[in-house]
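One structure is given below, encoded as structure tokens.
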Amino acid sequence: MFARLRRLFAAPWSSRRRVVLSAAVLLGLAAGAAYGGRALWLEHHFRAAERAQERRNFRAAVAHLAPYLAAYPDSGPAHFLAARTARRAGRLDEGDAHLDVCRRLNYRPDDVDLERVLVKVRRGEPHFDAYLRGQVEHGHPDSLLILEVLMDDYLRNYSLLDALWAMNQYLERRPDEVAVLLGRAFVWEKIFAYGDAERDYRRALEIDPDNEDGRRRFAELLLMRRGSPEEAAAEYERLRARDPDNPAYVLGLARCRRQAGRLDAARGLLAELLERDPHFPGTRTEMGRVAADEERTGEAIDWLKKAIADAPRDRVAYSTLLNCLRLAGREEEERACRKTLDQLDADLKRVDDLTRAALNRPYDPDLRCELGVLFLRNGEEAEGLRLLGLALEQDPGHREAHRALATWFEGKGQPERAAPHRRFAPREP
């Protein structure tokens, strides 16, 4: 190498100049190629972020956007995409920060305003329903994203008919969206349209046969609402093939076997489950039902009492126990069981009545409060607390909702959580 350099500098100036110029050209081309290559690499990341966001893979979208935003911190399109990704991922403050940059850059003000509204709706702010519906009805290019937010908001507020409208609108535009088909199946079940629910489950599983949650819900529908134990059993067998140790699938299959009259098979599955997890919810109830079907009344009573000790509001256990106590001639116990069962049936009927009423009055805080109290009383803690919280969103001073929450948290030994509610609903003297 040093010899070549000595020859170069020993050469006449004209020759050296040609070589130097050639080298400069080559260096310039190399630099241009490097810059162009980096620009292409960054563009690849931006397009990959767009695709990831479309597929709801928000973590990948954020990862692809990071190098692009580092290179182009004043890119309006990148900040807008980052804002939308953050909002869809539930990171609302982060989305707001990106929208602030878009506003400073004066990037697509109308789209930024719409995105601001979608963030507010995700935060639970009311009064944007008519505006967003109007955007959809007038064919806004982002109608699918608007409907996505509306669906979530309607479901959160238990506004089921509105949720059904939004899902129908979405599926008109994108008929094979599995998540929305499954969401609509859930709504059909809640409004007692089980045939429509079955149709949507079948369509969703036709598109995505490996969707485990959808298949589980479909199996439950077939077993509990459609009276198809053999078909439900096939679905549970398929689920167990993927996850053989899942106790819910073993219990579901055992229920199918019992309903189909295959009591030995049901007992074997339940014995296997009890050995692994003696207190798995529903297992002791089902074993009691198997024993009752086998006319082993004493054994059935023992199992059902154990089930009720685990789940004091298990209506199926009480109903089966009542029949067994009658057969056994245990009249005093039968009367006590009947009293509890009547209360459970009254609660369930009231829940059905309120659910139907809520279809037309989804934002009524009194309805939400009463439903919440009933859910809490019957062991549905998460749903009960959610409904009471929704009642307070609608009416922050709702005394009965505060009273129910104060009583609940006090009963759970959480006085610090009860205190703010007790201030609105002091104990009566």
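Heavy atoms only: backbone and side chains are in, while hydrogens, waters and symmetry mates are out. Source: prediction; values computed, not measured.
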Donor-acceptor under 3.5 Å (Ser319 side chain, Arg315 main chain): no
Ion pair Arg242/Glu237, N-O distance below 4.0 Å: no
Distance-only polar pair, side chains of Arg88 and Gln53, donor-acceptor under 3.5 Å: yes
Pairing residues for Phe46 by the ring-ring contact (aromatic ring centres under 6.0 Å, His included) criterion, not counting sequence neighbours: Tyr68
Residues which pass side chain to side chain donor-acceptor pair (under 3.5 Å) with Gln414, listed by chain and number, not counting sequence neighbours: Arg417
Polar side-chain atom of Asp153 near backbone of Val149 as donor-acceptor pair, under 3.5 Å: no
Nearest non-hydrogen partners of Ala232 and Leu222, listed with the distance: CB-CB, 3.8 Å
Atom of Pro67, atom of Trp41 and distance for their closest heavy-atom approach: CB-CH2, 3.9 Å
Side-chain donor-acceptor pair present, Gln259, Arg255, cut-off under 3.5 Å: no
Glu189 to Ala197 - nearest heavy-atom pair and separation: CG-CB, 3.7 Å
Counterpart residues, side-chain contact (heavy atoms from CB on, under 4.5 Å), relative to Asn168 (two or more places apart): Leu164, Arg184
Summary of salt bridge (Lys or Arg N to Asp or Glu O under 4.0 Å) pairs that have at least one residue in residues 60-72, sequence neighbours excluded: none
Residues in salt bridge (Lys or Arg N to Asp or Glu O under 4.0 Å) contact with Arg91, at least two apart in sequence or another chain: Glu94
Any Tyr170 side-chain heavy atom under 4.5 Å of Val136 side chain: no
Audit row: Arg87, Asp96, salt bridge (charged side-chain N to carboxylate O under 4.0 Å, His left out) steps and yes/no: CA-CA 8 Å; Arg87 189 255 307 157; Asp96 273 337; over 6 Å; no
Sequence-distant partners of Glu295, salt bridge (Lys or Arg N to Asp or Glu O under 4.0 Å), two or more places apart: none
Non-hydrogen side-chain atoms of Tyr318 and Thr285 separated by less than 4.5 Å: no
Counterpart residues, ring-ring contact (aromatic ring centres under 6.0 Å, His included), relative to Tyr201 (two or more places apart): none
Glu198: side chain to side chain donor-acceptor pair (under 3.5 Å) partners, not counting sequence neighbours: Arg202, Arg226
Close side-chain approach of Phe80 and Glu115, heavy atoms under 4.5 Å: yes
Salt bridge Asp162-Arg133, side-chain N to carboxylate O under 4.0 Å: yes
Test item: Pro415 and Arg422 side chains (from C-beta on) under 4.5 Å apart, heavy atoms: no
Cation-aromatic face contact Arg356/Phe192, 6.0 Å, 45 degrees: yes
Donor on one side chain, acceptor on other, Glu212 and Tyr249, under 3.5 Å: yes
Test item: side-chain donor near acceptor, His79 and Asp74, under 3.5 Å: no
Any residue meeting side-chain contact (heavy atoms from CB on, under 4.5 Å) with Glu294, in chain and number order, not counting sequence neighbours: Leu263, Asp264, Arg267, Val290, Arg296
Distance-only side-chain donor-acceptor flag, Arg51 / Asn57, under 3.5 Å: no
Heavy-atom side-chain contact between Ser143 and Arg173 under 4.5 Å: yes
For Asp93, all residues meeting side chain to side chain donor-acceptor pair (under 3.5 Å), sequence neighbours excluded: Arg123
Sidechain-backbone polar pair: Arg284 side chain, Pro278 backbone, donor-acceptor under 3.5 Å: yes
Minimal non-hydrogen separation, Ala328 against Thr297, with atom names: CB-CG2, 4.2 Å
With Arg377 via side chain to side chain donor-acceptor pair (under 3.5 Å) - residues at least two apart: Asp347
ring-ring contact (aromatic ring centres under 6.0 Å, His included) partners for His402, two or more places apart: His421, Phe424
pair Leu385-Leu376: side-chain heavy atoms closer than 4.5 Å: yes
Any side-chain heavy-atom pair of Glu370 and Arg350 under 4.5 Å: yes
